Colleague: 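Once you've had a glance at the structure underneath, I'll fire off some questions.
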There are 2 protein chains.
Amino acid sequence: MGRKRTKSGKIRLAEVAELAGVSPITASRFFRNPEALSVAKRARVESAAKELGYVPNLAARALASQRTEVIGVLIPSLTNNVFSDVLRGIYDASEGSRYSIQLSNTRYSILQEERLLRLFLAQKPAGLIVTGIDQTAESRAMMEAADCPIVQIMELGPSPVDMMIGFSHYDAARAAVAHLFAQGCRRIGFVGARMDPRVQRRLDGYVSAMKDTALYEQRLVVTTATPTSVTLGGALFADLLAREPGIDGVFCANDDLALGVLFECRRREIEVPEQIAIVGFNDLEFMASTVPTLTSVRTNRYEMGRTAATMLVEAIEGRRPEEPVLDLGFKVIERQSSLAQRAESQPMVSELVADRTK
Amino acid sequence: MGRKRTKSGKIRLAEVAELAGVSPITASRFFRNPEALSVAKRARVESAAKELGYVPNLAARALASQRTEVIGVLIPSLTNNVFSDVLRGIYDASEGSRYSIQLSNTRYSILQEERLLRLFLAQKPAGLIVTGIDQTAESRAMMEAADCPIVQIMELGPSPVDMMIGFSHYDAARAAVAHLFAQGCRRIGFVGARMDPRVQRRLDGYVSAMKDTALYEQRLVVTTATPTSVTLGGALFADLLAREPGIDGVFCANDDLALGVLFECRRREIEVPEQIAIVGFNDLEFMASTVPTLTSVRTNRYEMGRTAATMLVEAIEGRRPEEPVLDLGFKVIERQSSLAQRAESQPMVSELVADRTK
DNA sequence: GTATTTGCTGGTAGCGCTGTCAACGTTCCT
DNA sequence: AGGAACGTTGACAGCGCTACCAGCAAATAC
């Protein structure tokens, strides 16, 4: 067949239009807004496109329309389980849409974040998802000047750039400490790693809760800038014990650390929860399967990613949410590791709502 | 200043060229192949670009040059820890290059993979990274027809589409079983979940090793199509015990399952390794911190991702590797959970190389 | 000295698509 | 019946960049 083809042999919109007997612009509309076509032409273009196996050239579309169908995502880490859940939510939500995800890793550096933001914005993304609320002033200015919707995820703050979805790490930490307090713990240690802004706010919540009951002491807190790991949890806990042998509870800034603490207890033959209660943060899957099962603060990470991407797509298409700031809340999931009345007769602690959930 | 600007207010190449006093094409070359310019013009363009804050329009570049600077990555899961390590390697390697990563999730479906492949290829990626060797015939044909380098990762197979980097899951499983055998285990169970092609090949390796010593029995194998989890490991192990109470070793298709098995043993007061030895697969970080520490098969996931991306970039730029198939090998990391001579005096088993590593 | 090569530079012509606006036919209203 | 309003369609003109090829000067070869 003598149809004109692009050099690379690809089918262009013009070919589809020709086969369908319409103008290229009409064919173009079919792919972007089918309702604008009459039923007859719509069917003709559809079958022509299918027959030729037409796939739009996104670069040409982006150039002509001056915008891309890309959602930029800036996260601080690819290693962290927490972000893999969030990402999964984002990818899942994006699949139903026409938008594709462009991911970049800031490595917990706000300068790196600024650099990436500049790069992203230059390509005119359809929307942006950024982590947290601790951007540089320059980043913030760029985001405010950007002409695309932006969602900040993972936590809440006083002045959203645009939309925001997360929960209060501060309140969540306070709830965890309150839970330990209710179980009778008084000398409650804090174990934290990496100390990124969100972990820092968990620490702040811990400190405030401890001060409320006049239990706070600086030496109950053990932190490091080192990235988190199970092994590190054990090591930090060992430090804590060395400093303060009398502790009766530990609040860990995440579940990996909590697991490390649990094993360190086992290694030292410290009974959990009889001698020391343990509470983690995030409620990863394994927390329900350990022996004893581990109490944790459930955060809705998958849902956070999914909702962020969904809100963003809605906003891109002009349907801004009535409420641009969404608090996903948290739950303290009480399990054996922190219950005062642990009993063999009650091996599976049901997942209780210990605090507000929006 | 009266400089002509693009409608959106962005600086174009033409502006940079004008300020530098060169033609646009010369400025263009500066960004793609600076060595082709004389030193004087190079400096002029460079400073002009910096002064104006020029950022290239990638859509225009892609349209004009008929290729993109995108590396497509197809992986089957975002949840799995294994892939997050691989991805981290890929992203790390891509950062030094001009290429950006476009990620898609096949969800362990080769039809979905085929669909995504078609989509990717239509955008003329600079290169492609795909997982495994079990593509549909159609996918395979598309990849062979593609005019970009392709790396298959995660495992090795007889007929690479282009490049390939991984290791033999079959051999790795055989090595794990051989290790258990060497420790005196005879009734060795297999616990597997999801049963994707690679887990299936681990099972094949297990079966073959067991048959070598005439120890194989169908009922020693417990598998499920359900996605893996720690909890599931415990449940599958419970099934295995119910079927075959006399087992003295378990080879788990991954570390999550192994952790679940360990906790299930603890729950049932089965001594590890005295009564049952446990071996996992992948050697995730926590395996070295459990009590007892867990033996596993180390696979070089981060390196795999990193090397795959590096090889790909090299190939894109015309420097094809001398050897297109790379075996990254594996190591059986022997720890307490499987050692016959476990002893309190030897709490930390050093990480021994039990098998070949390339 | 002339011919050839090499290195650098610029002009022209698109890449494939969509924004804009005008034009058409149909329906509905008065 | 005349006109407005609407829905549908197409012509045109780029989007910002690079491939291609030509041109020119300097360097090298004979």
Side-chain angles (χ1 to χ4, degrees), chain A residues 3-45 48-49 52-70 98 122-124 126, chain B residues 3-46 48-49 52-70 98 122-124 126 147:
Chain A
R3 237 179 249 108
K4 214 172 44 175
R5 286 281 175 88
T6 194
K7 292 195 179 126
S8 54
K10 287 274 109 187
I11 286 93
R12 286 176 305 173
L13 192 57
E15 271 91 71
V16 175
E18 190 186 339
L19 181 60
V22 299
S23 71
I25 189 68
T26 300
S28 167
R29 274 193 274 261
F30 169 77
F31 293 101
R32 295 175 293 147
N33 183 16
E35 291 78 36
L37 300 202
S38 63
V39 184
K41 302 226 163 165
R42 203 184 306 173
R44 295 234 301 278
V45 176
L52 296 173
Y54 172 71
V55 183
N57 180 323
L58 298 184
R61 177 180 290 177
L63 181 59
S65 67
Q66 295 282 60
R67 55 200 159 69
T68 62
E69 290 175 347
V70 169
R98 65 212 285 184
Q123 305 310 327
K124 299 186 195 297
Chain B
R3 239 180 249 108
K4 213 173 50 175
R5 287 284 174 87
T6 193
K7 296 205 177 110
S8 54
K10 288 273 112 190
I11 285 93
R12 285 175 306 173
L13 191 56
E15 271 92 70
V16 176
E18 189 185 340
L19 180 62
V22 300
S23 72
I25 189 68
T26 299
S28 167
R29 273 192 274 263
F30 168 77
F31 294 101
R32 293 175 296 146
N33 183 19
E35 292 77 36
L37 300 202
S38 63
V39 184
K41 302 227 163 165
R42 203 184 306 172
R44 295 233 302 278
V45 176
E46 181 163 24
L52 296 173
Y54 172 72
V55 182
N57 179 322
L58 298 185
R61 176 180 289 176
L63 182 59
S65 66
Q66 296 282 60
R67 55 201 158 67
T68 60
E69 291 176 346
V70 169
R98 64 212 284 187
Q123 306 309 327
K124 298 184 196 299
D147 65 345

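Proteins get letters first, then strands, A, B, ... in listed order; numbering begins at 1 in each. Predicted, not measured: the structure shown is a model, and the values here were computed from it.
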Colleague: Please report the distance, rounded to the nearest Å, between CD in A/Glu15 and P in C/dC15.
Modeller: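 Taking CD of A/Glu15 and P of C/dC15, I get 11 Å after rounding.
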Colleague: Taking the side chain as every heavy atom from C-beta outward, state whether B/Lys124 and B/Asp147 have any atom pair closer than 4.5 Å.
Modeller: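 In short, these two side chains do not touch, never coming nearer than 4.5 Å.
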Colleague: Please check the phosphate of C/dT18 (OP1 and OP2 only) for any side-chain N or O of A/Ser28 closer than 4.0 Å.
Modeller: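 Answer yes for this pair, as a side-chain N or O of A/Ser28 is under 4.0 Å from OP1 or OP2.
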Colleague: Between the protein and nucleotides 7-11 of chain D, are there any N/O to N/O pairs under 3.5 Å, and if so, what are the atom names and distances?
Modeller:
residue: D/dT9; atom: OP1; partner: A/Ser38; partner atom: OG; Å: 2.7
residue: D/dT9; atom: OP2; partner: A/Ser38; partner atom: N; Å: 3.0
residue: D/dG10; atom: OP2; partner: A/Ser23; partner atom: N; Å: 3.1
residue: D/dG10; atom: OP2; partner: A/Ser23; partner atom: OG; Å: 3.0
residue: D/dG10; atom: OP2; partner: A/Thr26; partner atom: OG1; Å: 2.5
residue: D/dG10; atom: O5'; partner: A/Ser23; partner atom: OG; Å: 3.4
residue: D/dG10; atom: N7; partner: A/Arg29; partner atom: NH2; Å: 2.8

Colleague: Provide, to the nearest angstrom, the distance between the CZ atom belonging to A/Phe30 and the P atom belonging to C/dT18.
Modeller: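 My rounded result for the distance is 13 Å.
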Colleague: Could you tell me how far apart A/Asn57 (CG) and C/dC17 (P) are, to the nearest whole angstrom?
Modeller: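 After rounding, the gap between these two atoms is 6 Å.
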Colleague: Supply the atom-to-atom distance B/Tyr54 OH to B/Phe30 CZ, rounded to the nearest 0.5 angstrom.
Modeller: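 Here the interatomic distance stands at 11.0 Å.
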Colleague: Between C/dC17 atom P and A/Lys124 atom NZ, what is the distance in whole Å?
Modeller: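 Checked: the NZ to P distance equals 21 Å.
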Colleague: In this structure, are over 12 heavy atoms from other groups packed under 6.0 Å from B/Arg67 atom CZ?
Modeller: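 No, not enclosed.
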Colleague: Roughly, in whole Å, what's the span from CG in B/Leu63 to C1' in C/dG14?
Modeller: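 Nearest whole value for this atom pair: 9 Å.
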Colleague: Does CG in B/Asn33 sit with more than 12 non-hydrogen atoms of other residues, nucleotides or ligands closer than 6.0 Å?
Modeller: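 Counting other residues, nucleotides and ligands, CG of B/Asn33 exceeds 12 neighbours.
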Colleague: In whole angstrom, what separates A/Gln66's CD from D/dG14's P?
Modeller: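 So the CD-P distance, A/Gln66 to D/dG14, works out to 13 Å.
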Colleague: Between A/Phe31 and A/Leu13, is any pair of side-chain heavy atoms under 4.5 Å apart?
Modeller: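 When only atoms from C-beta onward are counted, A/Leu13 and A/Phe31 do touch, with a gap below 4.5 Å.
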Colleague: Measure the distance from CZ on B/Arg44 to P on C/dC8 and round it to the nearest whole Å.
Modeller: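 Taking atom P of C/dC8 as the reference, CZ of B/Arg44 is at 15 Å.
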Colleague: A/Asn33 CG to C/dG19 C1': how many Å, rounded?
Modeller: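 Whole-Å distance recorded here is 14 Å.
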Colleague: Report yes if at least one side-chain N or O of A/Arg32 is closer than 4.0 Å to OP1 or OP2 of C/dT18; otherwise report no.
Modeller: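 For A/Arg32, the contact criterion (side-chain N or O under 4.0 Å from OP1 or OP2 of C/dT18) is met.
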Colleague: Of the non-hydrogen atoms in B/Pro56 and B/Arg61, which two are nearest, and what is the gap between them?
Modeller: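 Looking at all heavy atoms of both residues, the shortest contact is CB-NH2, 3.6 Å.
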Colleague: Determine the contact category for A/Tyr54: base if any of its heavy atoms lies under 4.0 Å from a base atom, sugar-phosphate if only primed atoms, P, OP1 or OP2 are that close, otherwise nothing.
Modeller: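 Sugar-phosphate, backbone atoms only, no base.
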Colleague: For A/Arg32, give me all partners under salt bridge (charged side-chain N to carboxylate O under 4.0 Å, His left out), at least two apart in sequence or on another chain.
Modeller: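 Applying salt bridge (charged side-chain N to carboxylate O under 4.0 Å, His left out) to A/Arg32 gives none.
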Colleague: Ignoring backbone atoms, test whether B/Arg67 places a side-chain nitrogen or oxygen under 4.0 Å from the OP1 or OP2 oxygen of D/dA19.
Modeller: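 For B/Arg67, the contact criterion (side-chain N or O under 4.0 Å from OP1 or OP2 of D/dA19) is met.
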